Amino acid sequence: MSNQDLNEHFNTKDENNHKSIGIYCTVSSDELQLALKTLSIAAKSKFVTDIIILITDIDEFDSNAISFDLFRENTEKINIFNGNYGYGYETSIQDGGYDQISARNDALRIIYSKKVDWIMQHDADDIYDLDFYEKVCLACSKQQAIMTECYTLNSFSTYVVNGKLLKNIYGQTLLNPHIRIWKRELALEFKKSRITPSFYVNETRHCGVEFPDGMKFIIIKKPSHYHLHRLLNKRHSSILDKGETHEIKLNDDIKEHLKTILP
């Protein structure tokens, strides 16, 4: 694990060449510990070789104050960076609000400098089945991106379905579908949403990447991507309670790991 200045990093080269996944995560300082806990699952996979965390609201960071016990022998996979990109989605960039686009694109620049095949966005409150990373590298090599359904857990054995989370894509009804992983060769970057300025004072909210026409991608419907927003009782969690609850069978390793994450 190392804590590095962004400019210093961009002047170095990674000569390793792996059939692998590089993960980036932008996170505020108050969610850093949560990100470390969820990313420690990904670090167990031999197909994940690089994990970048960019803390977005501090100018200085003391890595000695952080415990990496959950990573055990995988601490060499993780690098932590920091920068001050403002704070808060309810404040304009001009008044010091969080510049999500700049933060995410700086994190992407770092992970793109690694010799990995796949780039993966990871939020602090997301977890994935451990075998998902293997499936990406061994079964999806002909694809350029992967879409997964995202299951919002409300217990160790149930998830919630709100009507707003259901989307119809290519004739399939999908639960909160996301493309969070794509081939490094696409060199995607985040851009401002066309509709955000009409609704929010912070124009970087709900930013996204623009995927090229004709991109080859696969939809994985088997549960593998889980959102912890409701379990952690985060902002707007009560809205999800209006949905229907369904049973789900989580892998034992996911359930054991959740015990270390939840308060």
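Values in this document were obtained by computation on a predicted structure and should not be read as measured data.
A side-chain hydrogen bond (donor to acceptor under 3.5 Å, both in side chains) with Tyr226 is found for one member of Asp126, Asp129, Thr148 and no other, namely Asp129.
By the ring pair (Phe, Tyr, Trp, His ring centres under 6.0 Å) test, Tyr133 is found to be paired with no residue, residues two or more places apart in sequence or in another chain being considered. Taking the ring pair (Phe, Tyr, Trp, His ring centres under 6.0 Å) definition, one finds that His229 meets it with His227, sequence neighbours left out.
You'll find the side chain of Leu108 reaches within 4.5 Å of the side chain of Tyr24, heavy atoms only. By the 4.5 Å heavy-atom criterion applied to side chains, Leu228 and Thr38 are counted as neighbours. Looking only at side-chain heavy atoms (C-beta outward), Asp106 and Ile110 stay at 4.5 Å or farther from each other. Looking at Tyr112 and Glu189, their side chains never come closer than 4.5 Å, going by heavy atoms from C-beta outward. Using a 4.5 Å cut-off on side-chain heavy atoms (C-beta onward), Phe190 and Ser102 make no contact.
When ring centroids are compared, Tyr98 and Tyr89 come within the 6.0 Å threshold. Two rings, from His206 and Phe199, have their centers 6.0 Å or more apart.
Formation of a donor-acceptor pair under 3.5 Å by the Thr204 side chain with backbone atoms of Gln100 is found in this model.
Using cut-offs of 30° and 60° for the angle between ring planes, the Tyr151 and Tyr159 rings count as perpendicular.
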Pairs under 3.5 angstrom only: tabulate donor-acceptor contacts from the side chains of residues 162-177 to other protein residues two or more places apart or in another chain.
unit_1 : atom_1 : unit_2 : atom_2 : d
Asn162 : OD1    : Lys164 : N      : 2.9
Asn162 : ND2    : Ile239 : O      : 3.4
Lys167 : NZ     : Lys164 : O      : 3.3

